[in-house]
Number of protein chains: 2
Amino acid sequence: MYEGPVQDLIDELGRLPGVGPKSAQRIAFHLLATEPADIERLQSALQKVKEGVVFCDVCGNVSAETTCRICRDPKRDLTLVCVVEEPKDVLAVERTREFKGRYHVLGGALDPLSGIGPDQLRIRQLLTRIGTPVDGVDISEVIIATDPNTEGEATATYLVRMLRDFPGLTVTRLASGLPMGGDLEFADELTLGRALSGRRSM
Amino acid sequence: MYEGPVQDLIDELGRLPGVGPKSAQRIAFHLLATEPADIERLQSALQKVKEGVVFCDVCGNVSAETTCRICRDPKRDLTLVCVVEEPKDVLAVERTREFKGRYHVLGGALDPLSGIGPDQLRIRQLLTRIGTPVDGVDISEVIIATDPNTEGEATATYLVRMLRDFPGLTVTRLASGLPMGGDLEFADELTLGRALSGRRSM
């Protein structure tokens with residue numbers, strides 16, 4: 001198509017998720033007209049990620065230091081742990097401003113067909129963490145916030161089975177139901193079924 | 001949001017055209033899980049573009065060498081020149097497989113409000129090119145293929161005025177009209193008007 005370096009850049013950009021050939025072309029020509037300093041900033045950001053991102057040694061979230069900002073925060077409730085699949089889920093829960101505990105990032109969900117079993121996730125670390133009091137404080141509740149899809153549900157079920165044996169530990173799951181602002185008429189039958197079986201007295 | 005290098009990468013990716021915050025996050029986490037060798041290829045593609053892309057000294061298209069593949073091709077008709085705004089327009093005309101001449105890339109269209117006048121485009125080079133026979137062959141037709149929008153039309157009008165004085169030179173413009181496969185009912189009035197005034201006898 002194009003000659004030389006421009007086509008190489010279009011090809012490399014086109015490999016990124018969600019970037020089609022047209023977008024790749026647009027980005028490449030944008031970069032052609034960009035100040036070298038801007039390209040350098042992108043290159044150095046890539047370099048740092050390539051050299052290895054630090055993951056928090058407590059929760060497994062992406063981190064700037066050995067222990068992440070949330071796990072270092074003394075105002076956080078040490079008795080509460082919210083288990084999520086990915087770092088982006090931490091961000092989603094943080095945005096609610098409703099959760100004051102800490103997190104545990106599994107690094108995915110159980111998916112045997114893709115070769116992801118319990119050993120590929122940070123489940124062992126979760127069990128160790130629950131069994132080890134921090135500053136004399138025990139974890140009293142684990143909120144399982146895996147995605148409400150097949151893999152996430154399977155992971156939740158597996159975790160409940162593993163966590164059953166810890167005395168005095170409450171294990172909860174995020175509520176499933178109708179999304180706020182949604183329309184009953186347009187809810188899929190699975191969601192509406194969940195909303196029905198999880199109905200609360202008022 | 002995220003800490004350290006991951007957020008830096010998300011920020012840099014988010015600056016690219018057409019990449020929103022969600023896409024930037026998705027690309028960043030994809031790159032986190034990518035082999036270092038893949039990131040290196042992207043980095044080196046960026047490096048080559050940063051070091052400067054070569055533009056063809058004849059037509060102004062992006063090129064791997066001093067003169068581009070099309071301008072070097074001895075099978076191309078030297079008497080025909082198609083004037084386009086951008087390198088991607090060369091690609092669009094090439095895809096038709098209808099054009100056997102060579103190109104002239106202006107590098108944009110006249111747009112006084114954005115400070116783009118005739119001196120910011122490769123118009124002087126076009127005039128020199130038309131006045132200089134190659135291997136004793138004169139350019140006999142210039143096809144103006146700028147975009148059919150305000151800036152493109154203004155550029156076409158300006159070029160026609162500049163090219164009028166060359167003896168024996170035909171200046172043509174791409175036909176405007178209904179797009180093939182389109183529907184008369186849904187054509188906008190400007191396009192339909194152009195299609196009417198440009199009607200051909202059958």
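Worth saying up front: this structure is predicted, and the values here are computed from it rather than measured. A, B, ... follow the sequence lines: proteins, then strands. Residue 1 opens every chain.
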According to the salt bridge (charged side-chain N to carboxylate O under 4.0 Å, His left out) rule, which pairs have a member within residues 151-163 of chain A, sequence neighbours left out?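 Residue pairs passing salt bridge (charged side-chain N to carboxylate O under 4.0 Å, His left out), neighbours aside: E153(A)-R173(A), E153(A)-R194(A).
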Is the number of heavy atoms from other residues, nucleotides or ligands under 6.0 Å of E35(A) CD greater than 12?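 Check fails, neighbour count at 12 or below.
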Taking only residues two or more places apart in sequence or in another chain, which ones pass salt bridge (Lys or Arg N to Asp or Glu O under 4.0 Å) with D38(B)?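 Counting only residues at least two positions away or on another chain, D38(B) forms a salt bridge (Lys or Arg N to Asp or Glu O under 4.0 Å) with R41(B).
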All salt bridge (Lys or Arg N to Asp or Glu O under 4.0 Å) counterparts of E65(B), not counting sequence neighbours: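 Result, salt bridge (Lys or Arg N to Asp or Glu O under 4.0 Å) vs E65(B): R72(B).
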What part of Q7(B) gets closer than 4.5 Å to chain A, counting heavy atoms only: side chain, backbone, both or neither?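 Neither part; nothing is under 4.5 Å.
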Between Q43(B) and chain A, which part of the residue has a heavy atom less than 4.5 Å away: side chain, backbone, both or neither?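 Q43(B) touches chain A through backbone and side-chain heavy atoms alike.
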Nearest 0.5 Å, what's the NZ-CG distance between K50(B) and L42(A)?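 Rounded to the nearest 0.5 Å, the NZ-CG separation comes out at 10.5 Å.
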L31(B) side chain near L16(A) side chain, heavy-atom distance below 4.5 Å: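 Yes, at least one pair of side-chain atoms sits under 4.5 Å.
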Chain A contacts: which residues in residues 83-90 of chain B have a non-hydrogen atom closer than 4.5 Å to it?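 Answer by number: P87(B), K88(B).
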Any idea which of [options] has the most non-hydrogen atom pairs under 4.5 angstrom with chain A?
options                : result
I39(B), V54(B), D8(B)  : I39(B)
L91(B), V53(B), I10(B) : L91(B)
C68(B), G4(B), S44(B)  : C68(B)

